[in-house]
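Within every chain, numbering begins at 1; the chains are lettered A, B, ... in the order of the sequence lines, protein sequences first and strands thereafter. As the structure is a prediction and not an experimental result, all values here were calculated from the model.
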Amino acid sequence: MAQVTSIRGFKDIVPDEVGKWHYVEAGARSVFSLFGIREIRIPILEKTELFVRGIGETTDIVEKEMYTFKDRGEDLLTLRPEATASVLRAFIEHHLYETDPLVKLFTIGPMFRRERPQKGRFRQFHQINVEYIGQDDPRIDAELIFMLMYLLQSLGLESLNLEINSLGCAQCRKPYRPELVAYLRNHDGELCQDCLRRLETNPLRIFDCKAESCQKILVDAPVMLDTLCHSCRHHFDTVQQYLGELSIHFTLNTRMVRGLDYYTKTAFEVTAQSLGAQNAVTGGGRYDGLLKLLGGPDMPGVGFAIGVERLISMIPRSNEDFIEHPDIFIAALGARAQGYAFLLAQALRRAGIKTEMDYSPRSLKGLMKRSDRLHCRYTLMVGDDELDAKNASLRNMATKEQAALHLSSVEEDARSLASMINGNNRKPADASGEKG
RNA sequence: GUGGGUGUAGCUCAACUGGUUAGAGUGCCGGGUUGUGGCCCCGGAGGUUGAGGGUUCAAGUCCCUUCACUCACCCCA
């Protein structure tokens, strides 16, 4: 039979890799709790309209990357390509703005975009998403960025570049856009094919173009930052001031634009060379008009998304560092001993001891070898003889020391093994403290 | 969607210009005297060489088609 394989761009996360995922998720959750950011869980499927309105009709995501299909009725549904639109939809739907002036939310989960896979880019990928909704004080932007950098640093990531920019508000953008378009029109002979197209759809993104000819033109192009209105200017200055006081190093990238239409004012990205062409670990920014656009109250918000696969690829530790090892392996020889081992294993697990055993009749050597391969801390050796003599031996795999264990009942044996193992588990300071 | 690169054992890779039964390391299973792991030694299992077709006395190797993976463009986390 021909085997069925996974879908292109959809990856399995195998057991050896899962440890890093737990590490990242646990690290994120612990930082979020310090900042009072609460979890929200939202559906993977939404009405297509949510993303069309939220992300923008002319964006690449909406135009050609979404997994959209017709439900049995009429509704067009889409597998979410990002989380912000859904989080805001839920925020509005549950009137969360009535609960607190500033609502801080995070969510972790898979996103879907039908792009050609490459390094750091998959069709199903995962994001850690944070949104601060309700207020637009520049200190909120600064805190969000501070929190993000603190999280990345606490996960052990190095050589990251934080870039920030301001995209202005609707008012100050209005005069800027025609100015930029006019400038580019004067040079349209030198623009690449893609940029000629962008000139019509979303001229801001020409700044992202990698073609040298285009970059040359952009050197003298008018920059958004120079045309910010008074309040946007002040907002951005304050963000930078506080980042400075928090010792967050950043570079001002006046040419950074984000790919989603909803961003306003503060925009930021964290990139890393080692990621290859898809070098952004994180991106985010402010989106002050988005809630209203989605039919909610006219409230400001700011947030970011971390690409979990990209983040994980940068963690400077091996998968093995995160693999959990069993406390004890029960090496049973003989049919009766195996029966005893089976019951003892369940009792030990109930007592909180990570326990392994083997269900096939193997030699003691084979059992020891398996215990070793699993990196068990102890091996309990018990054969039919020991069972009769009520005496098994417990081997410390690291020190090779063996101690005799008097057997009575399964429950009793589990209890004494558990206390022996937990006893040796204790740190010296703890142990001395409890001895008295 | 467009280009480049690569598909051989579970994993990492060999196999001169086409030439016997496609190899090695690692992992897995077993053994090295009776019941003690890591090191060493020996043995074993495991491949339709991604798939399909073609050229040839002969194809892992050459040609065509197709699929997958991968990197880049594009785009973004």
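A donor-acceptor pair under 3.5 Å links the side-chain atoms of Asn165(A) to the main chain of Met256(A), judged by distance alone.
In this structure, Arg395(A) fails the cation-pi test against Phe329(A), since its NZ or CZ atom is not both closer than 6.0 Å to the six-membered ring centre and inside 45 degrees of the ring normal.
The shortest distance between the side-chain N/O atoms of Arg116(A) and the OP1/OP2 oxygens of rC71(B) is not below 4.0 Å. The phosphate of rC69(B) has OP1 or OP2 within less than 4.0 Å of a side-chain N or O from Arg8(A). For the pair Arg362(A) and rG30(B), the criterion of a side-chain N or O lying under 4.0 Å from OP1 or OP2 is met.
Nearer the 5' end of RNA chain B, as judged by each residue's closest nucleotide, is the contact made by Thr5(A), out of Leu275(A) and Thr5(A). In this structure, Arg373(A) and Glu82(A) both approach RNA chain B, and ranking their closest nucleotides by distance from the 5' end singles out Arg373(A).
When heavy atoms are screened at a 4.0 angstrom cut-off, Gly366(A) is found touching no nucleic acid atom at all. Across all strands, Ser371(A) comes closer than 4.0 Å to no nucleic acid atom at all (heavy-atom distances). Across all strands, Asp385(A) comes closer than 4.0 Å to base atoms (heavy-atom distances).
Atoms CZ (Arg310(A)) and C1' (rC76(B)) sit 6 Å apart, rounded to a whole Å. Atom P of nucleotide rG1(B) and atom CZ of Arg121(A) are separated by 12 Å, given to the nearest angstrom. Atom CD1 in Ile206(A) sits about 10 Å away from atom P in rC75(B), given to the nearest Å. If you measure from atom CZ of Phe125(A) to atom P of rC75(B), you get 16 Å, rounded to the nearest angstrom. rA77(B) atom C1' lies 14 Å from atom CD of Gln124(A), rounded to whole Å. Atom CD in Glu25(A) sits roughly 20 Å away from atom P in rA77(B) (whole-Å rounding). One interatomic measurement links the two molecules: CG of Asp358(A) to P of rU36(B), which rounds to 17 Å at whole-angstrom precision. The nearest whole Å value for the distance from the CD atom in Glu65(A) to the P atom in rC75(B) is 10 Å.
For the 3.5 Å distance criterion, the side chains of Asn279(A) and Thr271(A) fail to qualify, holding no donor opposite an acceptor. Side chain to side chain, Thr84(A) and Glu131(A) meet the donor-acceptor criterion of an N or O pair below 3.5 Å.
Contact of Lys365(A) with rG30(B) (side chain to base): no donor-acceptor pair of N or O atoms is detected under 3.5 Å. A donor and an acceptor atom never sit less than 3.5 Å apart when one is taken from the side chain of Arg370(A) and the other from the base of rC28(B). Interface remark: the Gln118(A) side chain does not form any donor-acceptor pair with the rC69(B) base, using a distance-only criterion of under 3.5 Å. Between the side chain of Glu386(A) and the base of rG35(B), a donor-acceptor pair under 3.5 Å is found. Evaluation of atom-type donor-acceptor distances gives no pair under 3.5 Å for the side chain of Lys369(A) against the base of rG30(B).
In this structure, the nucleotide among rU36(B), rA77(B), rG37(B) sitting nearest to the side chain of Leu364(A) is rU36(B). With rU70(B), rC75(B), rG37(B) as the choices, the nucleotide that has an atom nearest any side-chain atom of Asp60(A) turns out to be rC75(B).
Of the options Phe112(A), Trp21(A), Phe10(A), a ring-ring contact (aromatic ring centres under 6.0 Å, His included) to His126(A) is made by Trp21(A) and by none of the others.
Here the straight-line distance linking atom CG of Leu380(A) with atom CD1 of Ile330(A) works out to 6.0 Å at 0.5 Å rounding.
Taking atom C1' in both rA72(B) and rG10(B), the straight-line distance is 31 Å, to the nearest Å. Distance check on atom C1': rG47(B) versus rG23(B) gives 11 Å, rounded to whole Å. Straight-line distance between the C1' atoms of rU70(B) and rG25(B): roughly 24 Å, to the nearest whole Å. Spacing of C1' atoms, rC64(B) relative to rA22(B), comes out at 25 Å, to the nearest Å. Taking atom C1' in both rG1(B) and rU8(B), one finds a spacing of 32 Å when rounded to whole Å. Comparing rG52(B) with rA59(B), their P atoms are spaced 15 Å from each other, to the whole Å. Nucleotides rC57(B) and rG18(B) place their P atoms 16 Å apart, quoted to the nearest Å. Between the P atoms of rU61(B) and rA45(B), the separation comes to 27 Å (whole Å).
Two rings, from Tyr263(A) and Tyr287(A), have their centers 6.0 Å or more apart.
Pair assignment for rC75(B): none, as no Watson-Crick or G-U wobble contacts are both less than 3.5 Å. Nucleotide rU65(B) forms a pair with rA51(B), judged by Watson-Crick or G-U wobble geometry with both contacts under 3.5 Å. For rC29(B), the paired nucleotide is rG43(B), the pair qualifying as Watson-Crick or G-U wobble because both relevant distances are below 3.5 Å. In a base pair of the Watson-Crick type (N1 to N3 plus N6-O4 or O6-N4) or a G-U wobble (N1-O2 and O6-N3), with each distance short of 3.5 Å, rU8(B) is matched with no nucleotide. The partner of rC57(B) is rG19(B), judged by Watson-Crick or G-U wobble contacts that both fall below 3.5 Å. Base pairing annotation: rU36(B) forms no Watson-Crick or G-U wobble pair, as no partner gives both donor-acceptor distances under 3.5 Å.
The side-chain heavy atoms of Cys376(A) and Lys354(A), taken from C-beta on, include no pair separated by under 4.5 Å.
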